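Quick caveat: nothing in here was measured; it's all calculated off a predicted structure. First the proteins, then the strands, lettered A, B, ... as listed; each starts at 1.
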There are 2 protein chains.
Amino acid sequence: MTVDAMLIQIDFKSGKPVYLQVVDQIRYAAASGRLRSGEALPSIRPLAEELRVNRNTIAKAYAELESQGIIETLAGKGCFLKEGATPFKASVREKLLVKEIDEAVVTAHHLQISRKEFLQRVEERLDHFEARAQEIGSKEQNPRNPSSKHTS
Amino acid sequence: MTVDAMLIQIDFKSGKPVYLQVVDQIRYAAASGRLRSGEALPSIRPLAEELRVNRNTIAKAYAELESQGIIETLAGKGCFLKEGATPFKASVREKLLVKEIDEAVVTAHHLQISRKEFLQRVEERLDHFEARAQEIGSKEQNPRNPSSKHTS
DNA sequence: ATAACTGTCCTACTTGCCTATGACAGTTGA
DNA sequence: TCAACTGTCATAGGCAAGTAGGACAGTTAT
């Protein structure tokens, strides 16, 4: 079992498509700092083998992540966590953000969560992600050269 | 065109399942106060006719809303916005809430939204929903008897 | 040049989702 | 009781989603 295998855990009984489980877990890992900007992701075939799924399932997940502007894939070289700004313009970013926030707000309403408790929870989760990013950031510094990616 | 028809707008070109569009719009309407607690929802057949979809498509949406604890359906009488507490226990509510918040936080991270801007947006959206609820609540008071529902 | 990597495309199978129709059952008021 | 409502269930068709296998193309080091 490699260190890459620990990054992703598939639940075959969940009913949730495998490729979406991969997408979500990589999104989460990146936001919590477990994956660093510019870092190489596990390559498609080995990861597929470890998770016991088809290569195309992983390829589909990576394609989705690329369309979301989260990773960048160079044919023949590999896939890397994108460094630099999102490819989306301000109006699109705003729409995506408000949509996510509204879903959380509406859910909170139906769960009868008060405004105060909701805001506390939001701060708590922001802390959670920032704490993990901090922790990992200070543990190992410069493990690899981020610019070694573009050698061609 | 009835007042019920204005409550829901279906976009047949969106690719999003019709029944999910209905679910989301009713969730949203309830959270913004456009639908009041205990109020009767449009009944299945008339609504299906107005939206030009099958009855079972609406029935499926209502079934989903009931499973989410948002409406309550009495066979032979109709469907009503649920009054009273959610049927979910604290641990489930917490899981559902944190899941929604995390999705928003992760999305914000990848859109490179700062913590400050994110919190501002959250407050803004909370205001948005509360403002609508306030507005509607003061406009018309007691338009119908909420307890007239349980006559049997 | 060759071998061993990398990701990509084309094609195909299967399963489940979405939608639709018909028949059925509870409620209400004339 | 009867008619006109209400929601429900069983069944089925169509089609897209998810997954998979084979062949292909770019990269790198030997």
Side-chain angles (χ1 to χ4, degrees), chain A residues 2 4 8 10-24 26 38-67 70-82 144-145 147-152, chain B residues 2 4 8 10-24 26 38-67 70-82 144-145 147-152:
Chain A
T2 76
D4 288 341
I8 295 173
I10 300 301
D11 177 5
F12 289 99
K13 302 168 305 197
S14 73
K16 185 172 183 178
V18 172
Y19 86 97
L20 279 183
Q21 293 187 45
V22 174
V23 166
D24 287 349
I26 288 180
E39 185 174 347
L41 273 66
S43 41
I44 291 180
R45 282 161 215 262
L47 180 56
E49 215 170 315
E50 280 176 7
L51 301 179
R52 311 295 186 108
V53 297
N54 190 273
R55 333 162 223 133
N56 275 350
T57 301
I58 306 299
K60 185 171 186 176
Y62 282 10
E64 172 63 23
L65 286 164
E66 183 164 34
S67 84
I70 297 189
I71 72 175
E72 149 178 69
T73 146
L74 310 177
K77 309 189 93 171
C79 296
F80 306 85
L81 254 202
K82 201 157 183 175
R144 77 205 84 230
N145 182 357
S147 62
S148 67
K149 192 176 67 189
H150 297 112
T151 306
S152 62
Chain B
T2 76
D4 288 341
I8 295 173
I10 300 300
D11 177 5
F12 290 99
K13 300 168 308 196
S14 73
K16 186 171 182 177
V18 171
Y19 87 97
L20 280 184
Q21 293 186 45
V22 174
V23 167
D24 287 349
I26 289 180
E39 185 174 347
L41 273 65
S43 41
I44 291 180
R45 284 161 215 261
L47 180 56
E49 214 170 315
E50 280 176 5
L51 301 180
R52 311 295 186 105
V53 297
N54 191 273
R55 327 159 228 140
N56 271 354
T57 301
I58 305 298
K60 183 170 187 179
Y62 282 10
E64 172 64 23
L65 285 164
E66 183 165 34
S67 85
I70 297 191
I71 73 175
E72 155 176 64
T73 145
L74 310 177
K77 309 189 95 171
C79 296
F80 306 85
L81 253 202
K82 201 156 183 175
R144 75 206 84 228
N145 182 358
S147 63
S148 66
K149 192 175 69 189
H150 298 110
T151 306
S152 65

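B:Thr73 has no side-chain polar atom (N or O) that falls below the 4.0 Å cut-off from OP1 or OP2 of D:dG7. At C:dG7, none of the side-chain N or O atoms of A:Lys77 fall inside 4.0 Å of OP1 or OP2 (strictly under the cut-off).
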Heavy atoms under 4.0 Å is the rule here; annotate nucleotides 10-22 of chain C 5' to 3' with B where the base is hit, S where only the sugar-phosphate is, and - elsewhere. B-------SBBBB
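Taking atom CD1 of residue B:Ile58 and atom P of nucleotide D:dT8, one finds them 13 Å apart after rounding to whole Å. The CG atom of A:Leu74 sits 15 Å away from the C1' atom of C:dC5 (whole-angstrom rounding). The distance between atom CG of A:Leu41 and atom C1' of C:dG7, rounded to the nearest whole Å, is 13 Å. Computed from coordinates, the B:Phe12 CZ to D:dC15 P distance equals 17 Å when rounded to whole Å. Note: CG (A:Leu47) to C1' (C:dT6) measures 14 Å, nearest angstrom. Between the CD atom of B:Glu72 and the P atom of D:dT6 there is a distance of 18 Å, given to the nearest Å. Here the P atom of nucleotide C:dT27 and the CD1 atom of B:Ile44 are 16 Å apart, to the nearest Å.
B:Ser43 is not listed as a side-chain neighbour of B:Tyr62, based on a closest heavy-atom distance of 4.5 Å or more. Two residues are said to be in side-chain contact when any heavy atoms from C-beta on lie closer than 4.5 Å; A:Leu51 and A:Ile58 meet this criterion. Residues B:Asp11 and B:Lys16 form no side-chain contact, since every pair of their non-hydrogen atoms from C-beta on lies 4.5 Å or further apart.
In this structure, A:Cys79 and A:Ile71 approach most closely via the heavy-atom pair CB-CD1, 4.3 Å.
Comparing B:Tyr62 and A:Arg45 against DNA chain D, the residue whose closest nucleotide sits nearer the 5' end is B:Tyr62.
Scanning for side chain to side chain contact (heavy atoms under 4.5 Å, CB included) contacts around B:Ser67 gives B:Glu64, with sequence neighbours left out. With sequence neighbours excluded, no residue satisfies side chain to side chain donor-acceptor pair (under 3.5 Å) with A:Asn54.
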